[in-house]
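None of these values were measured; they are calculated from a predicted model.
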Amino acid sequence: ERELLDKFGSSINDLQLCHMVDAKIFPNRLFMQNPKRTQVFGETAHPTIDDVDRALLAALHKDSSQTLVSLAEQLHTTIDTIKRHKLNLETARIIRAYTTDVFYTKLGFETYKVFISVKNYTAQVERAILATIEEHPQLRNYIRIVGPWKIEAEFLCANYDELDKIIINLQSAFPDAITAITYAVFRNEKYYPSGKLLD
């Protein structure tokens, strides 16, 4: 923040900060029934990892579809070693999921990010809103936020009308809690694996 303000402070009129508390990813229910949900972050345990773990994480971060044979060759070790370390990382929930990157616009879908602002926010209200959001098969993920909005949810919709129905249903279900729902369309997303994943 300080670097941005030092460089562009005279051009920035407003700055809103938020902190992501935790997030859940939902595999696309348009393609599968009852998929497993993945908790992305929010836990604070810090298990000890070694150099093999670090190298394995870096390799999987670049391409998680690699075979054990390929990983063993890259890391100059055995398949059994890779299998053991991979299982340990999964058990410790350092590796939480392996994903497929689908180009949804080619299938006729848009990704909409919805920002939900709430008044009189309580744990009970939060649970109720999240339970309602989770019912939508178009839900891709949600993030709980400490900041200007409380919940950020991403929906995969074929058109704006589908999103509009989701928004209207949420506002109807929680007229006394939801103060505002705004949204943005996500196009041409790019993900950049960290150049230096772990020290």
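Hydrophobic clustering keeps Ile168 apart from Ile133 (ILVMFWY residues linked when any side-chain heavy atoms are closer than 4.5 Å, directly or through intermediates). No path of Ile, Leu, Val, Met, Phe, Trp and Tyr side chains, each step under 4.5 Å between heavy atoms, connects Ile94 with Leu87, placing them in separate hydrophobic clusters.
For Asp53 (side chain) and Asp50 (main-chain N/O), a donor-acceptor pair under 3.5 Å exists by modelled atom type. Using a distance-only test at 3.5 Å, with no hydrogens or angles considered, a donor-acceptor pair links the side chain of Asn159 to the main chain of Glu162. The main-chain N or O of Ala59 is found under 3.5 Å from a side-chain atom of Gln66 such that the two form a donor-acceptor pair.
Listed by first then second residue, pairs satisfying ring-ring contact (aromatic ring centres under 6.0 Å, His included) with a partner in residues 66-93 number zero, not counting sequence neighbours. A salt bridge (Lys or Arg N to Asp or Glu O under 4.0 Å) check over residues 122-132, counting only residues at least two apart or in different chains, returns the pairs Glu126-Arg144.
A 4.5 Å side-chain heavy-atom check between Val185 and Tyr112 finds at least one atom pair inside the cut-off.
Between the NZ atom of Lys62 and the CD atom of Gln74 there is a distance of 8.0 Å, given to the nearest 0.5 Å. Within the model, atoms CG of Leu170 and CD1 of Ile116 stand 5.0 Å from one another, a figure rounded to the nearest 0.5 Å. Atom CD1 in Ile95 sits 5.5 Å away from atom CG in Leu56 (nearest 0.5 Å). Distance check: Phe115 CZ to Ile151 CD1 gives 13.0 Å after rounding to the nearest 0.5 Å.
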**Request:** With side-chain contact (heavy atoms from CB on, under 4.5 Å) as the test, would you mind laying out the steps for Ile49 and Leu89 before giving the verdict?
**Result:** CA-CA 9 Å; Ile49 61 174; Leu89 290 168; 4.1 Å; yes
**Request:** With side-chain contact (heavy atoms from CB on, under 4.5 Å) as the test, would you mind laying out the steps for Ile181 and Val114 before giving the verdict?
**Result:** CA-CA 7 Å; Ile181 297 179; Val114 173; 3.4 Å; yes
**Message:** Please determine whether side-chain contact (heavy atoms from CB on, under 4.5 Å) holds for the pair Leu60 and Leu71, giving the CA-CA distance in whole Å, both sets of side-chain angles, and the decisive distance to 0.1 Å.
**Reply:** CA-CA 8 Å; Leu60 289 170; Leu71 291 165; 3.8 Å; yes
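Not counting sequence neighbours, the partners of Asp51 by the salt bridge (charged side-chain N to carboxylate O under 4.0 Å, His left out) test are Arg54. Applying the side chain to side chain contact (heavy atoms under 4.5 Å, CB included) rule to Ala128 yields the partners Phe174; only residues at least two apart in sequence or on another chain are considered. Every residue two or more places apart in sequence or in another chain was checked for a side chain to side chain donor-acceptor pair (under 3.5 Å) with Thr179, and none qualifies. Taking the ring pair (Phe, Tyr, Trp, His ring centres under 6.0 Å) definition, one finds that Tyr160 meets it with Tyr183, sequence neighbours left out.
Judged purely by distance below 3.5 Å, without hydrogens or angles, the side chains of Ser65 and Asp63 pair a donor atom with an acceptor atom. Side-chain contact of Thr81 with Thr78: a donor-acceptor pair under 3.5 Å is present, judged by distance alone.
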